[in-house]
Amino acid sequence: MKRILPITNAIVAAIAGLFVLLGYFFPSIFGGIQSVLIGWAIILAAFALLLGILNLALVHWKKANAKDPGGGYSMVLLISLILTLVFVGLSGPTGGLSLWIFNSFQVPVEASLLALLAIILIYSIARLLARRPHWNTILFLVTVVLVLLGTVPLLFVGEIAPLVAVRDWLSQVPAVAGARGLLLGVALGTVATGLRILIGVDRPYGG
Amino acid sequence: MNEIICPLCGKSNPPDLAECQYCQAPLKTGGFLAEPEGEGEQAAPPSGDTEKPSEKAPAPGPKSSLEAAIPDWLKQNEASFFGPPDVSAAEPGSGQVSEQIDSLINPPARPSEPAENAIDDDWLASLLEEAGAVDNRQAALPQKPETNRAEEALTSAPASEIGPEFLAEDGELPAIPTSPAEKPEWLTSLEAASKIKFEGGIFPDETEPTPAPAEPQEEIAPESPVEQPDWLTKAGPAPVEESPNEAVESPKEVDESPKEAEAKPGESEGAVAAAELPGWLEALRPLQSAAPSGPVEDVSGADLVTAGPLTGLRGVLAPQPSAIRPQKPPTYSIKLKVTDDQQTRLRMMEELLADEEKPKPLPSRPIITPRHIFRLIVAIALLLPMVWMIISNSQQSVAPQPGSVPGVVDFTQRIQALPANATVLIAFDYEAGFSGEMNIAITNVLSQLMKKNAYLALVGTSPAGPALAENSLHSASSNVAGNAAAYKNYANLGYVPGGTLGLLGLATAPRNLLPYALDGSNVWAGAALKPVTAVKDFAAVVVITNDPDTARMWIEQVGPQLQQAGTPLLFIASAQAEPLIRPYYQAVPAQVQGLIGGLIGGLAYAQAVGNYQPNGTWDAFSAGITISILIILIGSIAGVVMKLLPAGKKKEL
């Protein structure tokens, strides 16, 4: 049984992956079974989300019971989770209470974090040259300043066309080239991983 | 003091008891009288006698060798047989001894008691040993000439005078059996042969007068614990009568042996001639026993054992005394020997460990440090101008124009090109924190769609998507109709799990993936969504995202189907995702038909649709970017200067 089960898992995974892949090339033939398999995968992914929430609650429940120094934060998280579940369960996902919680807590908190991030980034960049005086640091600082100058019209100065052009070139050529290079690498890795899973060499499902 | 040894338990009992006082076994029939103390050694095997001649009690008077060899227990029986002790033990003469022997060798036969036969064998063994020791040693001399001094003394005596050689084949006197089970084979055959000879009338006539004491012997025999077999009764007298003459012939050799010296008084009288063998017995002598059966090791040069149970033997492997010597095991102290230097180091180590365990107070840090001051300056420098711009509704900066922002014009045209009551799929896939940046564009787009009374199908690949969609819809509805809940021509389909697979499922079979709206209604049965079987059936697809990867998933999974049907794919992206989405928009053919990027694109779109509201946001944004550039430049220059200064090398911000 210990040998049969891993082989069966590999066969099932390979067949499922093959049908989904063939659905891209022959949608009229394998489109139906591709949709069924994708539907199963989506249901499993939704269930995984629920498991993740449950695991998060259990981890913080243990922390709160252990009376660790950070146990208070865990207790706050648990209370928030329970209250949100209660409110959303009572009013529905898009009800008044749910939107009130969302607009009153989640949106301001996340926006504040981004605002703090902006301030911390500016502060760090300002200290960067003093902390690490290097040519790379200088290059980084120059790039940041040029992009900022070309993004918006400066206060009391207005838009500087050459700076806008430089900003567009920096954001579209070097930045996108680097990002595309990364994406190509990711794509090649994804193809290789997919093939290994299809032929059963990699078995992330166990066995 | 004579005691009766219980044959059953082996304990001593008084002679007057008929039963053992310990185990109640009958003593008269099975027990025997214990030897007096000090006389046991005389009855011991001859081997012991040869080694310790001095320990033997000397004979009280002149006795024959055979009489001297008679054990005390036998003498006791003899005394009880002949009469009072004063008569029997005072001065026994040769004739008296002969009578005693005759009485001993002619007991009433009791063959039905094997235990008594065993006792007969013992006394017979001792008797034969004493009488025939000389013959045995003489026969053993050619092989083992250095057995002991007594044997050496006997070597010169004729073999016929000493005794039968086959009684001691190897010269080892302990070979005489002490129990019936150990009786040698030659003696058994001798018993049988002697009976036959006696029955045949070979026995000499000189022995015939001895039957006289048979009558009193028969009377005493039932009380005596020892008896003799028949063969010995008949064969016994022969050597007894011949021994006196033979013993007298060799007095010199007897004097050299300590053992023989003990029996010397008897021998001088010529009473016992134990070494004389009759002709018939000589004829019965086994020849195999006389000849050596194999090579014999010469142990003449070996050491003589002088102590222990093997006393008198040669060639015995000596044990290793040290190996078996019992001794007390050595005692080792369990106390650790530590020198003063080691103790000093141990104390130092203990002090170090004790210091490590002590909590050291952390150096008190000031609440306000230069770092904190610098951070506070940065925050105030950023926030104050921005807040001021918003409060004052500043209009210092020029609003961005739609033509200067790529994708805004196309986006506007695609929305304008939608028919009335069109079905539009809008995906809310951005984080709530980006709401401030993207709400302007979202609100304006939704407002335009509401004006066309488009049916809006709202989905989200982010868990926060449905709530964001609801909020944005309410906000747009407020702008259009003045009531947040006024617009009802939409369906919030909810969250699409599964990431890439979810998008693929949505593209291929949206009905199966999202069969119901969040309110539980079957929106697919409605008039707006009834003709929609795939994502390509929507009039347009608008994706709102702040993540370039999410945008890429939409382009890769949903884009191909939309391109086949000519359905526009429009993006409202944040400023961080816009540079990576723009290549899809600028590609030929374009994979993205319209793009609104960041706050600039939102304002540009608002300018394009004529819904721009100057509320100071743009000036605040512009002021924030400008101040940020100034902070970076000033901070970098200050840092370099302080780094170059000598004091700055020691102290940093």
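Below, chains carry the letters A, B, ... as their sequence lines are ordered, and counting in each starts from 1.
Note: A:Thr94 leads A:Thr94, A:Val20, A:Leu154, A:Leu44 in heavy-atom pairs under 4.5 Å with chain B. Chain B forms the most heavy-atom pairs under 4.5 Å with one residue out of A:Pro153, A:Ala45, A:Gly95, and that residue is A:Pro153. By number of non-hydrogen pairs under 4.5 angstrom with chain A, the leading residue of B:Ala379, B:Pro466, B:Pro579 is B:Pro579. Ranked by heavy-atom pairs under 4.5 Å with chain A, the first of B:Arg582, B:Glu431, B:His474 is B:Arg582. Counting heavy-atom pairs closer than 4.5 Å to chain A, the top-ranked of the candidates B:Gly498, B:Ala432, B:Pro406 is B:Ala432. Counting heavy-atom pairs closer than 4.5 Å to chain A, the top residue among B:Ser404, B:Gly494, B:Ala467, B:Gly639 is B:Ala467. Here B:Leu513 is the residue among B:Leu513, B:Ile377, B:Asn512 with the most heavy-atom pairs under 4.5 Å with chain A. Note: B:Gly433 leads B:Gly433, B:Gly520, B:Gly635 in heavy-atom pairs under 4.5 Å with chain A.
In this structure, chain B has a heavy atom under 4.5 Å from the side chain of A:Pro93, while its backbone stays farther away. Contact of A:Glu159 with chain B is not made at all, since no heavy-atom distance falls under 4.5 Å. Interface remark: A:Leu113 contributes no atoms to any contact with chain B (heavy atom separation under 4.5 Å). The parts of A:Ile119 that come within reach of chain B are both its backbone and its side chain, each placing non-hydrogen atoms under 4.5 angstrom from that chain. With a 4.5 angstrom heavy-atom cutoff, A:Thr137 does not touch chain B via any of its atoms. Contact of B:Ser435 with chain A is made through the side chain alone, with heavy-atom distances under 4.5 Å. For B:Phe434, the parts lying near chain A are the backbone and the side chain together; criterion is any non-hydrogen pair under 4.5 Å. Contact annotation for B:Gln586: only side-chain heavy atoms (C-beta onward) come within less than 4.5 Å of a heavy atom of chain A. For A:Ser98, no part lies under 4.5 angstrom from a heavy atom of chain B. For a residue to count as touching a neighbouring chain, one of its non-hydrogen atoms must lie under 4.5 Å from one of that chain's; by this rule B:Ala464 touches chain A with backbone and side chain alike. With a 4.5 Å cut-off on non-hydrogen atoms, A:Val144 touches chain B through its side chain but not through its backbone. Of the atoms belonging to A:Leu183, it is side-chain heavy atoms, and not backbone ones, that fall under 4.5 Å from chain B. With a 4.5 Å cut-off on non-hydrogen atoms, B:Glu556 does not touch chain A at all. Interface remark: A:Leu49 contributes side-chain atoms only to the contact with chain B (heavy atom separation under 4.5 Å).
Within residues 499-509 of chain B, the residues having any heavy atom closer than 4.5 Å to a heavy atom of chain A are B:Leu501, B:Gly502, B:Leu504, B:Gly505, B:Thr508, listed by residue number.
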Could you please spell out the steps behind the side-chain contact (heavy atoms from CB on, under 4.5 Å) verdict for A:Tyr123 and B:Ile631?
CA-CA 8 Å; A:Tyr123 168 76; B:Ile631 291 173; over 6 Å; no
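Here CG of A:Leu148 is found 12.5 Å from CD1 of B:Ile627. Values are rounded to the nearest 0.5 Å. From B:Lys643, atom NZ reaches atom CZ of A:Arg132 across 11.0 Å, with rounding to the nearest 0.5 Å. Rounded to the nearest 0.5 Å, atoms CZ (A:Phe102) and CG (B:Leu468) are 3.5 Å apart. Going from atom CD1 of A:Ile125 over to atom CG of B:Leu633 covers 11.0 Å, rounded to the nearest 0.5 Å. Atoms CD1 and CG, on B:Ile632 and A:Leu129 in that order, are 12.0 Å from each other to the nearest 0.5 Å. Atom OG1 of A:Thr151 sits about 6.0 Å away from atom CD1 of B:Ile600, to the nearest 0.5 Å.
Shown here for A:Ala179 and B:Leu580, the closest heavy-atom pair between the two residues is CB-CD2, 3.3 Å. Between A:Arg180 and B:Pro583, the shortest heavy-atom contact is NH2-CB, 4.1 Å.
Taking the side-chain contact (heavy atoms from CB on, under 4.5 Å) definition, one finds that B:Leu458 meets it with B:Ile426, B:Phe428, B:Leu456, B:Ala469, B:Leu473, B:Tyr490, B:Asn492, sequence neighbours left out.
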